[in-house]
There are 2 protein chains.
Amino acid sequence: MYLIKDSRMAPKKMISDCAECVLSKDCIPSGISTDNLHRFVGIVSTNISYKAGDVLFEQNAKAQHLFVVKTGSFKTQTTTPHGIEHVNNFFLPGELIGLESASSGISCNTAIALEDGVACKINYQQLTKLRQEFPSLSDFAVKIYSAALALANEIQNNATIQCASSRLATFLVLYNRRLNAHGMQSLGLHLPMCREDIASHLGLAVETISRSFSKLITTGCIKKDGRRVQILNLEKLHDEANLPPRK
Amino acid sequence: MYLIKDSRMAPKKMISDCAECVLSKDCIPSGISTDNLHRFVGIVSTNISYKAGDVLFEQNAKAQHLFVVKTGSFKTQTTTPHGIEHVNNFFLPGELIGLESASSGISCNTAIALEDGVACKINYQQLTKLRQEFPSLSDFAVKIYSAALALANEIQNNATIQCASSRLATFLVLYNRRLNAHGMQSLGLHLPMCREDIASHLGLAVETISRSFSKLITTGCIKKDGRRVQILNLEKLHDEANLPPRK
DNA sequence: CGCCTTATTGATCTACCTCAAAGTCTGTGG
DNA sequence: CCACAGACTTTGAGGTAGATCAATAAGGCG
C-alpha cells in the first residue's frame with residue numbers, strides 16, 4: 001500500500017510526490033492539471049508521521065494549515081469554557097481536517113491522532129493564492145465544503161435521535177459509508193477510537209455505548225470483538241438506526 | 001427599511017439592484033468589484049416574497065439554487081426514511097440557505113419560511129461559472145463555507161449537552177449572536193419558530209422546552225412574553241449554557 | 001365570539017446516567 | 001514467555017432528568 005520507510009533512510013521521492021499518491025484523485029491535486037501539479041507540491045508538507053495521541057493543532061491557536069489524512073485516523077474535539085470536552089468528528093484516510101477554521105484563522109477545536117498515521121499539511125494562505133490561479137481548485141473547495149456540511153448535518157441529526165442504540169447504529173452506518181467512500185469496501189470495520197470518544201461524540205455515557213453494542217449484537221445486526229466490528233445485516237442495522245422515538 | 005411594494009406596482013429598480021442592498025457587504029457581491037457587479041446581478045432573482053409556510057426547496061429534489069435571506073426567517077428540516085422530522089437549522093437575514101447541496105446537486109433537506117419574508121435566489125451553475133472568472137468570489141465562498149461549518153460544529157456540540165436548560169440557553173446565545181452579526185444589535189429577540197421547531201432542533205420534547213424557559217426565567221437569565229424573549233443577564237445565560245452535566 | 005392551534009403546567013413512567021465491581025486487553029519488565 | 005500494572009470495557013443496581021400522557025390556558029384568526 002503505502003511505503004513508509006525507516007526514517008534513517010533517505011525519503012523516497014515517490015512517496016512525497018502527489019502525482020503518485022493513491023488519494024490524489026480525491027485530494028486537492030484533482031483540481032490541478034498534471035502540468036501544474038508541481039505548483040501544488042511546492043506548498044504541501046507530505047507524509048508527516050503521527051503517533052497515537054499526537055496533536056495536529058490546538059483549539060484557539062492560530063490556524064495555519066489544512067490536513068489531509070493519508071493513513072490512520074484522527075479526531076477533533078472542543079473544550080467548553082467550563083472544561084467539558086466534546087468529540088466533534090473522526091477523520092479517515094482521504095478526509096480533510098481543519099476546514100472550519102479557514103476563515104476565522106483560529107482553530108475552533110483540537111485535532112488528535114487516534115493511532116499511528118500519516119497526514120499531509122497544506123498552508124491556508126498559499127492554498128488561497130493557488131486557488132486564485134486555478135479556478136478548478138475553487139470548484140474542488142466548494143465540493144469538499146458542501147460535502148463536509150452535509151455530513152455535519154447528518155451527524156447533527158443523529159445526535160438528536162432519542163434512542164441510544166439508534167444513535168450507535170447510525171454512527172456505524174455513517175462510519176462504514178465513509179470507509180467505503182475511499183475504496184476500503186467491506187462490512188468489517190476497525191474502530192480506532194475508544195468507547196469514551198464514541199460516547200462523547202454521540203452525547204451518551206460510556207456504559208450506554210457498551211449496552212447499545214450488546215443490543216445490536218442481540219438483534220443480529222453486528223458481531224464484534226473488542227474494537228473490531230462486523231456488520232452482519234446492513235438492512236437490519238438501518239432499521240435499528242431508524243427506530244421510532246422511545247420504543 | 002426595505003421597500004416591499006404592492007405587487008401590482010412596477011418593481012422599483014432600486015430594490016433589485018444588489019449595489020443598493022443593505023446586505024451586499026455580507027453577501028456575494030462583496031466578492032465582486034462594482035464595475036463587474038452587473039454580471040452578478042444578471043444571475044440573481046432578487047426579492048422573492050415568501051409567505052409563512054412556503055417551501056424554498058424540497059428534500060431529495062434537484063438542488064439548483066442558493067438562497068440569501070433578506071427579511072424574515074426560514075428553517076431547514078430533514079425527514080428520515082421512517083418519517084421522523086428533524087429541524088436542522090434556522091436562517092436569519094444575511095444568511096445563505098442551501099450551501100450543503102452545492103456538490104451533490106440533491107437537496108438534503110427541505111427549506112420552509114417561518115414567517116412572511118423576502119429572499120434572493122442564485123443559480124448554482126451560473127454562480128460556479130462566475131466564480132471561475134472572479135477569484136475573490138472563491139475567497140468569499142471559502143469564508144462563508146468555513147463559517148457555516150464552524151456554526152454546524154457549535155450546534156452539534158449543543159445537541160450533545162445533557163442538561164435541557166443548558167441546550168436552550170446555548171440556543172438563545174447562538175441565536176442572539178447571529179442576530180447581532182448582521183447589525184440587529186439588541187438583547188430582545190423575537191423567536192419566529194414554534195416551540196415544536198425548537199424542540200426538534202434541540203432533540204427535546206416540547207414540554208421540556210417550556211419547562212426550560214420557565215427555569216431560565218426563574219434564574220433571572222431572561223424574561224419573555226410568548227415568542228418575544230428578552231435577555232436580562234447575558235453572563236448568567238452563558239453560565240446556564242455551560243452547566244456541568246446532570247445538575 | 002367561538003374554533004383551532006400553540007403553549008404551559010401537572011403527574012407518572014422510563015431510558016439513560018451514575019456509581020460500583022468484575023472482566024478484558026495491552027504493554028512492560030523480569 | 002509469563003506475570004503484573006494500568007487502562008479500557010462490560011455488566012449490574014438504583015436514581016433521576018426528561019419523555020409521555022393528560023388537562024388547562026393562552027393566542028390567532030375567521
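Below, chains carry the letters A, B, ... as their sequence lines are ordered, and counting in each starts from 1.
- Regarding B:Ile217, its CD1 atom lies at a distance of 14 Å from the P atom of C:dA7, rounded to whole Å.
- The aromatic rings of A:Tyr175 and A:Phe171 lie tilted to each other, with the angle between the two planes from 30° to 60°.
- Computed from coordinates, the A:Asp116 CG to C:dT26 P distance equals 15 Å when rounded to whole Å.
- Under the 3.5 Å distance criterion, the side-chain polar atoms of B:Arg211 are left unmatched by any main-chain donor or acceptor of B:Ala164.
- Across all strands shown, B:Arg167 has no heavy atoms under 4.0 Å from either base or sugar-phosphate atoms.
- Side-chain N or O atoms of B:Thr71 include none that pairs as donor or acceptor with a backbone N or O of B:Gly117 at under 3.5 Å.
- Atom-to-atom, CG of A:Leu202 to P of C:dC16 comes out at 12 Å; the value is rounded to the nearest Å.
- Within the 3.5 Å criterion, the main-chain N or O of B:Asn88 finds a donor-acceptor partner in the side chain of B:His201.
- Between the CZ atom of A:Phe213 and the C1' atom of C:dG23 there is a distance of 18 Å, given to the nearest Å.
- Counting any heavy atom pair closer than 4.0 Å across all strands shown, B:Leu204 reaches sugar-phosphate atoms only and no base atom.
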Between the protein and nucleotides 11-14 of chain D, list the N/O to N/O atom pairs that are separated by less than 3.5 angstrom.
from: D:dT11; atom 1: OP2; to: A:Ser214; atom 2: OG; distance (Å): 2.9
from: D:dG12; atom 1: N7; to: A:Arg211; atom 2: NH1; distance (Å): 3.0
from: D:dG12; atom 1: O6; to: A:Arg211; atom 2: NH2; distance (Å): 3.3
from: D:dA13; atom 1: N6; to: A:Arg211; atom 2: NH2; distance (Å): 3.4

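- Under the 3.5 Å distance criterion, the side-chain polar atoms of B:Ser200 are left unmatched by any main-chain donor or acceptor of B:Glu196.
- Rounded to an integer number of Å, the gap from A:Leu168 CG to D:dT10 P is 10 Å.
- Atom-to-atom, CG of A:Leu216 to P of D:dT10 comes out at 12 Å; the value is rounded to the nearest Å.
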> Which letter, B, S or -, goes with each nucleotide of nucleotides 25-30 of chain D from 5' to 3', with contact meaning a protein heavy atom under 4.0 Å?
Replying inline: ------
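- Interatomic distance, CZ of A:Arg195 versus CD1 of A:Ile209, reported as 8.5 Å (0.5 Å rounding).
- Using a 4.0 Å cut-off, no side-chain N or O of B:Lys215 falls inside it from OP1 or OP2 of C:dT8.
- Separating the CG atom of B:Leu191 from the P atom of C:dT6 is a distance of 16 Å, rounded to the nearest angstrom.
- Checked by atom type and distance alone, the side chain of B:Tyr50 never pairs as donor or acceptor with a backbone atom of B:Ala119 at under 3.5 Å.
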> Can you list the steps and then say if A:Glu154 with A:Arg177 is a salt bridge (Lys or Arg N to Asp or Glu O under 4.0 Å)?
Replying inline: CA-CA 12 Å; A:Glu154 290 195 89; A:Arg177 198 181 70 195; 2.6 Å; yes
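- B:Leu243 places its CG atom 10 Å from the P atom of D:dG18, with the value rounded to the nearest Å.
- At the phosphate of D:dT9, OP1 or OP2 sits under 4.0 Å from a side-chain N or O atom of A:Arg227.
- The environment of A:Gln230 atom CD is dense: over 12 non-hydrogen atoms of other residues, nucleotides or ligands sit within 6.0 angstrom.
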